[in-house]
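Here the structure is laid out as structure tokens; the discussion comes afterwards.
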Amino acid sequence: MNRKWLLLLLALPGCGVSTASLAAQTSIAPEDIRSGYEFLQPDTRFLQDDDFSNPGYLWIDRGERLFLEPSPEGGPACSSCHASQDLTLSGVAARYPAFDAREGKLVNLEGRINICRSNHQALAPLPYESDDLLALAGYVSSLSRGMPIDVVIDGPARAYFDLGQTYFFTRKGQLNLACSQCHNEHWGKKLRGDTISQGHGNAFPAYRLEWQAFGSLQRRLRDCDTGIRAEPLPFGSETYTALELYLASRAQNLTMESPGVRR
Ligand code: HEC
Ligand code: HEC
């Protein structure tokens, strides 16, 4: 185990309070909300800012091609429906995850794309973290780049918000740490060569230098759970999707950065 993680663990206060009161105690004041971008080294920021250097654009370009052309397996191209004004996908990614009344559940952007594959293209869903699904999700997200996050957390979405919030404040893993202890209480401090950010998801799908690849927010969440020696949840699980919703609502005032670049 990395010594710095242990030292951090020892420095953390105990907890015997409910998650609702913890949320009130340790949440970040709206005026202090900052994107992970602001904690990056200048050379990583440069990669994100410069479209020609940003490796995420390899996936965005692939996603655009997949979007414009009919799949070799058949079915109409995404663009055959989504090019028109009333079905344009500009700004849509900023509203996800969202409750889908027909599915009767919360769906994230990857899930929504797969619903179109099944319902509108008669194609099998793309596996999570496959290059094609990342490329499509990245392309659709890029159509919201620079737009403010805008998720709905009331009505039928409320129960998912609560589930995500509870996960965020629950200690787990062999290190017995909660997300909140790093990202609400210790942001700005150094950990394993990183500066701990506030843990927002607005850069994802993002290119991570450590992955040497483009990856989803859920892949990043799995890395954080693994880091505290907790069993990561399966991709697409209800709890991670609910956590995505909680993170998006917590990141109010931030704009969409995908394709982001991270260490
Ligand atoms: C045959 C037409 C059709 C095709 C092809 C299609 N979609 Fe859709 N899509 C729709 C319709 C209609 C909706 C609105 C919800 C519904 O009725 O399913 C939608 C909804 C969406 C949404 C959510 C929009 C929102 O406002 O919340 C996304 C994202 C999306 N589609 C992405 C895609 C992608 C990516 C592809 C290709 C992989 C695709 N769609 C293929 C018709 C289509
Ligand atoms: C032991 C401390 C620690 C814990 C606990 C932890 N993380 Fe992280 N997390 C990090 C570090 C370090 C990084 C990489 C640097 C950064 O962006 O914060 C990171 C990155 C992230 C990012 C990416 C931020 C960005 O802008 O790229 C998200 C999102 C995130 N964490 C969410 C979570 C969630 C949700 C949990 C609980 C399931 C969690 N983290 C638990 C330390 C932690």
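Both ligands and their constituent atoms are indexed starting at 1 by order of listing. All residue numbers in this chain count up from 1 along the given sequence. All heavy atoms count here, side chains included; hydrogens, waters and symmetry mates do not.
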Tell me, with the steps shown, if Arg145 and Asp51 meet salt bridge (charged side-chain N to carboxylate O under 4.0 Å, His left out).
CA-CA 12 Å; Arg145 214 181 190 202; Asp51 292 357; 3.5 Å; yes
Which one holds for Leu217 and ligand 2: side chain close, backbone close, both close, or neither close, with close meaning a heavy atom under 4.0 Å?
side chain
Think Arg262 forms a cation-pi with Tyr207, using NZ or CZ under 6.0 Å from the six-ring centre and within 45 degrees of its axis?
no
Heavy-atom pairs closer than 4.0 Å: do any link ligand 2 to the side chain of Leu243, the backbone, both, or neither?
side chain
Apex atom 8 (Fe) of ligand 1; atoms Cys116 SG and His82 NE2; angle rounded to 10 degrees:
170°
Which residue from Ala122, Ser79, Ala77 reaches closest to atom 5 (C) of ligand 1 through any of its heavy atoms?
Ala77
Counting from 1, what ligand 2 atoms have a heavy atom of Ile228 closer than 4.0 Å?
5 (C)
Tyr167 and Asp225 side chains, donor-acceptor separation under 3.5 Å:
yes
Of Arg95, His120, Gln121, the one whose closest heavy atom lies nearest atom 11 (C) of ligand 1 is His120
Close-contact set for ligand 2 against Ala178 heavy atoms, below 4.0 Å:
5 (C)
Only heavy atoms of Tyr167, strictly under 4.0 Å: list the atoms of ligand 2 that pass.
38 (C)
Please work out whether any backbone atom (N, CA, C, O) or any side-chain heavy atom from C-beta onward of Ala203 is under 4.0 Å from ligand 2, and answer side chain, backbone, both or neither.
neither
Quick note on ligand 1: atoms under 4.0 Å from a heavy atom of Val92 include exactly 24 (C), 25 (C), 26 (O), 27 (O)
Cys179 near atom 8 (Fe) of ligand 2 via N/O/S, less than 2.8 Å
no
As a check for students: among Thr195, Ile196, Leu221, identify the option with a heavy atom nearest to atom 35 (C) of ligand 2.
Leu221
For atom 8 (Fe) of ligand 2, the nearest N/O/S atom on His183 is atom NE2
Does Phe204 approach ligand 2 within less than 4.0 angstrom via side chain, backbone, both or neither, non-hydrogen atoms only?
side chain
In terms of atom number and element, which parts of ligand 2 are under 4.0 angstrom from non-hydrogen atoms of Asp225?
38 (C)
